[in-house]
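First the structure, in the form of structure tokens, and then the observations on it.
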Amino acid sequence: MDATQNCIAVYPGTFDPLTNGHVSLVRRAAKVFGAIIVAVAGDSHKTPLFSLDERVAIADAVFDHDASVMVEGFNGLLVDYVKRRRANVILRGMRAVSDFEFEFQMALMNRKLDRSIETVFIMTDYKWLYISSTIVKEVCKHGGEIRGMVPELVRERMREKYGLADPKKGA
């Protein structure tokens with residue numbers, strides 16, 4: 001067995017909302033690492049659409065049948081959470097060059113805080129390159145169709161949050 005199969009990778013984010021790009025990255029990473037913890041951040045400079053408990057419950061439902069994926073909420077410094085979970089890898093997704101500067105800064109800061117934790121970057125699948133949680137929220141808020149960009153459960157919950165009738169259900 002490859003050494004990475006014994007690794008626990010923590011994939012942190014606000015996941016507000018969880019997109020198909022996030023789901024794709026987790027499932028691809030699960031083929032490399034022994035276990036993936038989807039760490040839903042409670043502390044954020046963003047104003048979330050969903051509460052921490054809602055985001056954890058949604059991600060938990062989406063990954064319910066993935067035995068190597070666990071979902072947890074967390075607050076505080078990511079490196080402290082990673083240590084508590086006895087993990088040694090922070091997993092980050094990269095969509096485009098525009099992500100690089102921020103992600104590079106974060107990786108270097110985390111490395112400064114704890115040199116035993118590595119950050120591993122995985123490129124997004126090309127079909128999710130244009131998707132971001134922010135864009136998906138804007139489209140949905142204005143009544144646009146987000147089917148295929150997010151898991152169906154996420155789509156339904158977002159439409160509920162924005163008070164939109166679901167055309168699929170004839171409402």
Quiz item: Taking all non-hydrogen atoms of both residues, which atom of Pro151 and which atom of Leu18 are closest, and how far apart?
Solution: CD-O, 3.6 Å
Quiz item: Hey, mind stepping through Val136 and Met158 against side-chain contact (heavy atoms from CB on, under 4.5 Å) and telling me if it holds?
Solution: CA-CA 10 Å; Val136 168; Met158 287 182 72; 3.9 Å; yes
Give every donor-acceptor pair under 3.5 Å between a side-chain atom in residues 105-114 and any protein atom, sequence neighbours left out.
residue, atom, partner, partner atom, Å
Asn110, ND2, Met106, O, 3.3
Arg111, NH1, Arg115, O, 2.6
Arg111, NH1, Glu118, OE2, 3.2
Asp114, OD1, Ser116, N, 2.8
Asp114, OD1, Ser116, OG, 2.5

Practice problem: May I ask whether Ile135 and Val154 are part of the same hydrophobic cluster, defined by side-chain heavy atoms of I, L, V, M, F, W, Y residues being less than 4.5 angstrom apart, directly or through others? | Solution: yes
Quiz item: Is the backbone of Arg95 close enough, under 3.5 Å, to the side chain of Asp99 for a donor and an acceptor to pair up by distance?
Solution: yes
Quiz item: With sequence neighbours left out, what residues match Ser132 under side chain to side chain donor-acceptor pair (under 3.5 Å)?
Solution: none
Exercise. Look up atom CZ in Arg155 and atom CZ in Arg147, then write down how far apart they are to the nearest 0.5 Å.
Key: 3.5 Å
Exercise. Inspect the surroundings of NE2 in His65 and state if more than 12 heavy atoms from other residues, nucleotides or ligands are less than 6.0 Å away.
Key: no
Exercise. Identify the heavy atoms of Ile58 and Leu153 that sit nearest to each other, and give their distance.
Key: O-CD2, 4.0 Å
Self-check item: Residue pair Ile117, Asn88: steps toward the side-chain contact (heavy atoms from CB on, under 4.5 Å) verdict
Solution: CA-CA 5 Å; Ile117 299 170; Asn88 52 355; 5.6 Å; no
Quiz item: Would Phe15 and Tyr11 count as a close aromatic pair, with their ring centres under 6.0 Å?
Solution: yes
Quiz prompt | Derivation and outcome, side-chain contact (heavy atoms from CB on, under 4.5 Å), residues Leu91 and Ile122 | solution = CA-CA 7 Å; Leu91 178 64; Ile122 295 183; 3.4 Å; yes
Exercise. Check Cys140 against Leu164 and note the closest heavy-atom contact, atom names and distance.
Key: O-CD1, 3.1 Å
Self-check item: Residues forming a ring pair (Phe, Tyr, Trp, His ring centres under 6.0 Å) with Phe100, sequence neighbours excluded
Solution: Phe104
Self-check item: Heavy-atom donor-acceptor pair, Glu54 side chain to Ser51 backbone, under 3.5 Å
Solution: yes
Quiz item: Within the distance-only criterion (no hydrogens, no angle test), does the side chain of Lys137 pair as donor or acceptor with the backbone N or O of Asp16 below 3.5 angstrom?
Solution: yes
Exercise. Check the pair Phe63, Val23 against side-chain contact (heavy atoms from CB on, under 4.5 Å), reporting the backbone distance first and the verdict last.
Key: CA-CA 8 Å; Phe63 293 111; Val23 173; 4.0 Å; yes
Quiz prompt | Atom of Asn20, atom of Gly148 and distance for their closest heavy-atom approach | solution = ND2-O, 2.8 Å
Quiz item: Is a side-chain N or O of Arg55 found less than 3.5 angstrom from the main chain of Thr14, in a donor-acceptor match?
Solution: yes
Quiz item: Hey, is Arg159 close enough to Glu156 for a salt bridge, meaning N to O under 4.0 Å?
Solution: no
Quiz item: Is it true that Trp128 and Val139 fall in one hydrophobic cluster, defined by side-chain heavy atoms closer than 4.5 Å?
Solution: yes
Exercise. Ignoring hydrogens and angles, tell me if any N or O in the side chain of Asp125 forms a donor-acceptor pair with the backbone of Leu25 under 3.5 Å.
Key: no
Quiz prompt | Test side chain to side chain donor-acceptor pair (under 3.5 Å) applied to Glu103 - qualifying residues, sequence neighbours left out | solution = Arg92
Quiz item: Out of curiosity, does Ile146 fall in the hydrophobic cluster containing Tyr130 (side-chain heavy atoms, cut-off under 4.5 Å, transitive links)?
Solution: yes
Quiz item: For Ile90, does its backbone N or O pair with a side-chain atom of Thr119 as donor and acceptor, under 3.5 Å?
Solution: no
Practice problem: Please confirm whether the backbone N or O of Thr19 pairs with a side-chain atom of His22, one donor and one acceptor, at under 3.5 Å? | Solution: yes
Self-check item: Where Ser68 and Ala30 come nearest, the two heavy atoms and their spacing
Solution: OG-CB, 3.5 Å
Sequence neighbours excluded and cut-off under 3.5 Å, please list the side-chain donor-acceptor pairs for residues 70-81, or say none.
residue, atom, partner, partner atom, Å
Glu72, OE1, Tyr81, OH, 2.4
Glu72, OE1, Arg85, NE, 3.1
Asn75, OD1, Asp43, N, 3.2

Quiz item: What is the minimum heavy-atom distance between Thr124 and Arg28, and which atoms define it?
Solution: C-NH1, 3.8 Å
Quiz item: Tell me, which pairs form a salt bridge (Lys or Arg N to Asp or Glu O under 4.0 Å) where one or both residues lie in residues 6-15, sequence neighbours left out?
Solution: none
